[in-house]
Amino acid sequence: MEGYEKFKSDILKLTKIDLNSYKEKQMKRRIDTLIGKNKVTKYDDYVTLIKTNKEKFEEFINFLTINVSEFYRNPDQWELLDKNIFPELIQKFGKRLKIWSAACSTGDEPYSLVMALSKHVPLDQIKIYATDLDKQVMAQAQVGLYSEKSIAGVPDEFKKKYFTQVGKSYQISDEIKKHVEFKQQNLLLDRYQTGYHLIVCRNVLIYFTDEAKDEVFAKFHTALAPGGVLFIGSTEQIVNYKTIGYDKKSSFFFGKPQ
């Protein structure tokens, strides 16, 4: 299909999402597939469709944001968080940690954080801020209904305590849900709050260009309190972490020096 450059600028005006920040080949292929499914042959016609049809607009946003999510993804990293990172942060900052789950998708990650932190801190002292670009997945997160596969990594004690089986799905309890505050956010465009003790952003930035990645990692660095930690995904690396100002604690944990 011709006219992808114009399409990108139309999408930026319409959604505030800059497709230039995503790896082009990968993203264009995915978008072309979606447009084809809607029986549309031109980018302009597709833009008109999503302008005039709210459902199709939401479908497009949902499609752009990559939502492969599960609780306690990469358990060995969560073990490191439990054994080393949380105790260290609590020692430095006290029990009321300011934690942000960035690009939180369907909520698996922020809810995992609440449960993991509850081993160290009373539940009533836990608050996780969770943001995503996609309103639809956040709406799903607030419902809190998950497949058996999605919750496979949850420790048994928490499965029994905080999940109720509903048909073939599992509902997470309000006791956990009420400790997460969801908000829509564009990581590339919006300003970040500051003073975070822990920022978790995992397996999202792999879809971004190197420039966009660097920009986000630098913004995370500014958003962290001195002594705070960034937790990234197993598919990612921060090549120039020293230049940005991080100390490497392990493969997926980076500290902001005090």
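Linking ILVMFWY residues whenever their side-chain heavy atoms come closer than 4.5 Å, directly or via other members, leaves Phe57 and Leu12 in distinct clusters. Put simply, Leu14 and Leu49 are part of the same group of oily side chains (I, L, V, M, F, W, Y) that touch within less than 4.5 Å, one to the next. Met115 is connected to Leu123 through a chain of hydrophobic side-chain contacts under 4.5 Å among Ile, Leu, Val, Met, Phe, Trp and Tyr, so both are in one cluster. When the side chains of ILVMFWY residues are joined at heavy-atom separations under 4.5 Å, either directly or via intervening members, Tyr207 and Tyr4 end up in a single hydrophobic cluster. No single ILVMFWY cluster, assembled from side-chain heavy atoms under 4.5 Å apart, contains both Val239 and Val216.
By the side-chain hydrogen bond (donor to acceptor under 3.5 Å, both in side chains) test, Gln193 is found to be paired with Lys98, residues two or more places apart in sequence or in another chain being considered. With sequence neighbours left out, Tyr192 forms a ring-ring contact (aromatic ring centres under 6.0 Å, His included) with Trp100, Phe220. In this structure Tyr246 satisfies the side-chain hydrogen bond (donor to acceptor under 3.5 Å, both in side chains) test with no other residue, sequence neighbours excluded. Residues meeting the side-chain hydrogen bond (donor to acceptor under 3.5 Å, both in side chains) test with Glu5, sequence neighbours left out: Lys8. Among residues two or more places apart in sequence or in another chain, the side-chain hydrogen bond (donor to acceptor under 3.5 Å, both in side chains) test is passed with Asp18 by Asn20. With sequence neighbours excluded, the residues satisfying ring-ring contact (aromatic ring centres under 6.0 Å, His included) with Phe71 are Tyr146, Phe163.
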List the atom pairs, with distances to 0.1 Å, where a side-chain N or O of residues 150-161 and a protein N or O form a donor-acceptor pair under 3.5 Å, not counting sequence neighbours.
unit_1	atom_1	unit_2	atom_2	d
Ser150	OG	Asp108	OD2	2.8
Lys159	NZ	Ala152	O	3.4

(request) Evaluate the criterion side-chain contact (heavy atoms from CB on, under 4.5 Å) for residue pair Tyr111 and Ile128; output intermediate values, then yes/no. (result) CA-CA 8 Å; Tyr111 293 144; Ile128 309 289; over 6 Å; no
(message) Walk me through whether Tyr43 and Asp32 qualify under side-chain contact (heavy atoms from CB on, under 4.5 Å).
(response) CA-CA 9 Å; Tyr43 288 123; Asp32 289 351; 2.6 Å; yes
(request) Start with the C-alpha distance between Ile232 and Phe217, add both sets of side-chain angles, then the distance that settles side-chain contact (heavy atoms from CB on, under 4.5 Å), and finish with yes or no. (result) CA-CA 10 Å; Ile232 64 170; Phe217 286 137; 3.8 Å; yes
(request) Please report the C-alpha distance between Phe182 and Thr131 in whole Å, then the side-chain angles of each, then the deciding distance to 0.1 Å, and finally whether the side-chain contact (heavy atoms from CB on, under 4.5 Å) criterion is met. (result) CA-CA 6 Å; Phe182 290 97; Thr131 63; over 6 Å; no
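For the residue pair Asp134/Gln184, the side-chain donor-acceptor check at 3.5 Å is not satisfied. Thr164 and Gln171 share no side-chain donor-acceptor pair at under 3.5 Å.
Two residues are said to be in side-chain contact when any heavy atoms from C-beta on lie closer than 4.5 Å; Ile99 and His197 fail this criterion. Between Leu34 and Glu59 the shortest side-chain heavy-atom distance falls below 4.5 Å. In this structure, Leu187 and Leu133 have side chains that are not in contact, with every pair of non-hydrogen atoms separated by 4.5 Å or more. Taking 4.5 Å as the limit, every side-chain heavy atom of His179 sits out of range of all side-chain heavy atoms of Ser118. Within the 4.5 Å cutoff, the side chain of Ile238 has heavy atoms near those of the Ile244 side chain. Within the 4.5 Å cutoff, the side chain of Tyr162 has no heavy atoms near those of the Val114 side chain. Taking 4.5 Å as the limit, every side-chain heavy atom of Thr33 sits out of range of all side-chain heavy atoms of Arg30. Counting heavy atoms from C-beta on, the side chains of Val200 and Leu81 never come closer than 4.5 Å.
Between the side chain of Arg202 and the backbone N or O of Arg73, at least one donor-acceptor pair lies under 3.5 Å. Here the side chain of Gln237 pairs no donor or acceptor atom with the backbone of Phe252 at under 3.5 angstrom. The backbone N or O of Leu205 sits less than 3.5 Å from a side-chain atom of Glu236, completing a donor-acceptor pair. In this structure, Ser169 contributes its side chain and Gln165 its backbone to no donor-acceptor pair below 3.5 Å. Of the possible donor and acceptor atoms, none in the side chain of Lys135 sits under 3.5 Å from a partner among the backbone N and O of Glu58. The backbone N or O of Ala212 lies less than 3.5 Å from a partner atom in the side chain of Thr209, making a donor-acceptor pair.
For residues 244-258, the pairs satisfying salt bridge (Lys or Arg N to Asp or Glu O under 4.0 Å) are Glu88-Lys249, with sequence neighbours left out. Among residue pairs with one or both ends in residues 171-184, those qualifying as salt bridge (Lys or Arg N to Asp or Glu O under 4.0 Å) are Lys127-Glu181, Asp174-Lys177; sequence neighbours excluded. Identified under the salt bridge (Lys or Arg N to Asp or Glu O under 4.0 Å) test for residues 203-215, with sequence neighbours left out: Asp210-Lys213. Within the structure, ring pair (Phe, Tyr, Trp, His ring centres under 6.0 Å) pairs that include any residue of residues 114-135 comprise Phe86-His120 (at least two apart or interchain).
Here Ile35 contributes atom CD1 and Asn38 contributes atom CG; the two are 8.5 Å apart, rounded to the nearest 0.5 Å. Note that OG of Ser9 is 10.0 Å distant from CG of Leu19, once rounded to the nearest 0.5 Å. For the atom pair NZ (Lys51) and OH (Tyr46), the distance works out to 13.5 Å, reported to the nearest 0.5 Å. Expressed to the nearest 0.5 Å, how far CG of Asp82 lies from CD of Gln77 amounts to 13.0 Å. For the atom pair OG (Ser112) and CG (Leu117), the distance works out to 12.0 Å, reported to the nearest 0.5 Å. Ile85 contributes atom CD1, which lies 11.5 Å from atom CG of Leu97 (distance to the nearest 0.5 angstrom).
For CD of Gln91, the number of neighbouring non-hydrogen atoms (other residues, nucleotides, ligands) closer than 6.0 Å is 12 at most. Heavy-atom neighbours of Gln125 CD from other residues, nucleotides or ligands within 6.0 Å: above the threshold of 12. More than 12 heavy-atom neighbours from other residues, nucleotides or ligands sit within 6.0 angstrom of CD on Gln258.
Val166 forms part of a hydrophobic cluster together with Val143, Leu145, judged by ILVMFWY side-chain heavy-atom separations under 4.5 Å.
The shortest non-hydrogen separation linking Leu224 to Gly228 is CD2-C, 4.0 Å. The nearest pair of heavy atoms linking Cys104 to Asp132 is N-OD2, 3.2 Å. Here the closest non-hydrogen pair linking Asp44 and Lys6 is OD1-NZ, 3.1 Å. Residues Ser105 and Ala141 come closest through the heavy atom pair O-CB, 4.1 Å. When every heavy atom of Gly233 is checked against every heavy atom of Asn203, the shortest pair comes out as CA-OD1, 3.4 Å.
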